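Down below is the structure, laid out as structure tokens.
All figures in this text were calculated on a predicted structure; none of them were measured in a lab. Just so we're on the same page: letters track the sequence lines, and every chain starts at 1. As a basis for the values below, the full set of heavy atoms in this structure was taken, side chains included, without hydrogen atoms, waters or symmetry mates.
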2 protein chains.
Amino acid sequence: MTEERNQDARTRAADNLVSIFERQIIDGTLAVGKPLPPEREIMQSFGVSRTVVREAVQTLSTKGLVDARPRFRPVVRTPGYDAAIEAVGSVVNRLLTVPGGVRNLFELRIMMEAALVRDAALNADKNHVARMKQALADNEAAISDSQRFFETDIAFHRVLYEVPDNPVLPPIHQAYTDWLSSHWTRMPRDPEHNHVNYRAHSRIFESILFRDPDAAELALRYHLDYAWNQVRQTFAEP
Amino acid sequence: MTEERNQDARTRAADNLVSIFERQIIDGTLAVGKPLPPEREIMQSFGVSRTVVREAVQTLSTKGLVDARPRFRPVVRTPGYDAAIEAVGSVVNRLLTVPGGVRNLFELRIMMEAALVRDAALNADKNHVARMKQALADNEAAISDSQRFFETDIAFHRVLYEVPDNPVLPPIHQAYTDWLSSHWTRMPRDPEHNHVNYRAHSRIFESILFRDPDAAELALRYHLDYAWNQVRQTFAEP
DNA sequence: TGTGCATTTTTGTCATACCAAATTGAAATG
DNA sequence: CATTTCAATTTGGTATGACAAAAATGCACA
């Protein structure tokens with residue numbers, strides 16, 4: 001047949017397949033949304049066993065390049081920033097278990113959102129302001145309902161990630177809430193705390209309205225430091 | 001025990017194994033640095049075929065939880081923020097190929113570093129300042145050597161990521177340079193541009209010395225916007 | 001005690017088989 | 001002609017067995 005001598009004895013055959021598919025996915029030979037060829041077909045065209053094919057597909061799936069539901073043909077996934085986030089999921093979960101892990105991630109979040117509120121204070125347009133106002137109203141209306149308050153809380157913060165109009169940011173917000181929510185939800189939640197948090201949101205919003213980035217950053221740090229203290233107490237993190 | 005009837009027919013057996021191993025790795029049953037049991041041992045203790053075991057191990061490897069060099073026993077990996085970054089590598093590479101991908105990532109970087117220089121202006125201690133000064137000197141000395149200038153450029157920025165003393169940040173810097181370097185390196189590099197960039201670094205450093213976060217942010221944005229224009233021209237990105 | 005080699009494990013790969021679920025296409029139905 | 005039904009076929013998930021090559025092991029030897 002054609003030449004297929006690529007067994008380096010140092011590299012796995014499956015890894016070769018993976019890089020080939022990665023290339024084909026990027027250059028469009030394998031179109032987005034279309035399924036991969038059947039495993040038996042792949043093994044023939046590459047001259048490898050099905051074992052190898054399956055391992056390759058498995059890797060592609062874990063990397064987030066294809067969507068491989070059990071029993072269905074793997075489908076080439078739409079390139080999206082959420083897929084990237086998803087790919088780190090398990091590693092991050094492990095990081096959260098190491099000492100200081102939650103703290104480190106939370107601090108990163110504070111730093112990001114501080115930058116975001118500054119940006120919002122400078123660049124938020126009428127549309128964004130309106131959405132923040134709405135989110136804030138929903139937040140206030142939910143003070144007595146801790147579950148709904150939690151959701152509207154997240155929604156308020158999400159608007160901040162939408163202001164810069166960078167599609168990378170919303171998935172990052174999603175990731176933060178996913179990763180930290182299990183800790184977040186354990187902190188004491190009652191109308192009193194909710195009220196404090198609503199007031200904080202309110203101050204952030206006002207500072208943005210006044211186009212005052214310093215005040216906005218200050219208000220946000222105050223807000224998230226308060227939240228962090230709650231989380232810390234719940235976990236007795238140092 | 002011997003009974004393991006958990007085949008939902010909706011879930012892959014390998015996925016079950018993966019979650020089991022994930023748990024065992026997190027709770028320490030599988031110690032960091034130690035190899036996983038031999039495949040044949042695993043298949044016996046879980047009552048699955050070797051096919052399944054191999055797929056599970058493959059997934060763990062892709063997820064970055066174990067280090068699986070070919071022909072060697074997979075070793076449980078030290079939890080590290082670099083492993084997380086590594087896990088997103090292939091997805092990010094794909095993102096860089098979509099329209100505006102480089103731009104979005106670069107903007108995220110600008111936002112991050114803007115926050116970092118503000119933080120440095122407020123919180124950098126003598127140690128950090130000394131290292132920045134050293135990095136700046138190295139940078140100046142390399143103006144005539146574009147290759148070395150590139151390296152010292154990166155080193156200067158890296159110090160910014162070290163100031164907040166958050167172990168998440170340096171790997172992020174590493175990731176940025178890895179992902180964007182292929183684009184970065186294609187932009188025109190000559191002593192003249194190097195000089196401009198050195199001057200920019202210098203201004204950033206001075207602003208940090210003066211404890212002036214606004215000036216620092218301004219200098220950094222000017223610097224990175226300049227850099228972005230170079231990259232953009234090289235690629236004709238919109 | 002340290003070292004080199006033969007033996008045993010163990011991984012990487014292949015081939016084959018079987019079941020159950022998904023897909024397909026034809027037949028039946030409205 | 002469009003739609004539904006259902007049986008035949010395809011395909012993915014898993015199991016088993018086999019074999020070469022590389023790694024781990026242990027033993028004899030210096």
* Is there a donor-acceptor pair under 3.5 Å between the side chain of A:Thr29 and the backbone N or O of A:Ile25? -> no

* Structure fact -> To the nearest angstrom, the CD-C1' distance between A:Glu39 and C:dC18 comes to 15 Å

* To do: Write down the distance between CZ (A:Arg40) and C1' (D:dT9), rounded to a whole number of angstrom.
  => 12 Å

* Are A:His173 and A:His157 an aromatic pair by the rule of ring centers under 6.0 Å? -> no

* **Spacing of B:Phe46 atom CZ relative to D:dT14 atom P, expressed in whole Å** => 15 Å

* **Nearest-Å distance for atom pair CZ/P, residues A:Arg12 and D:dA22** => 15 Å

* Of all pairs that satisfy salt bridge (Lys or Arg N to Asp or Glu O under 4.0 Å), the ones with a partner from residues 152-167 of chain B, not counting sequence neighbours -> B:Arg131-B:Glu162

* **Whole-Å distance separating the CG atom of A:Leu17 from the P atom of C:dT13** => 10 Å

* Short side-chain N/O contact from B:Ser49 to OP1 or OP2 of D:dT14, under 4.0 Å -> no

* salt bridge (Lys or Arg N to Asp or Glu O under 4.0 Å) partners of residues 15-35 of chain A, not counting sequence neighbours, each pair once -> A:Arg12-A:Asp15, A:Glu22-A:Lys63

* To do: Take the protein atom CZ of A:Arg71 and the nucleotide atom P of D:dT14, then report the distance between them rounded to whole Å.
  => 8 Å

* To do: Remember a base hit wins even if backbone is also touched, and classify A:Arg73 as base, sugar-phosphate or nothing at under 4.0 Å, heavy atoms.
  => sugar-phosphate

* To do: Measure from CZ on B:Arg50 to P on C:dA15 and round the result to the nearest Å.
  => 16 Å

* Asked: Taking atom C1' of D:dG12 as reference, at what distance in whole Å does atom CG of A:Leu36 sit?
  -> 13 Å

* To do: Tell me which nucleotide among D:dT11, C:dC14, D:dA24 gets nearest to the side chain of A:Val48.
  => C:dC14

* Selected nucleotide, minimal atom distance to A:Val52 side chain, candidates D:dG12, D:dA15, C:dT13 -> C:dT13

* Which nucleotide in D:dA23, C:dT13, C:dT10 has an atom nearest any side-chain atom of B:Pro38 -> C:dT10

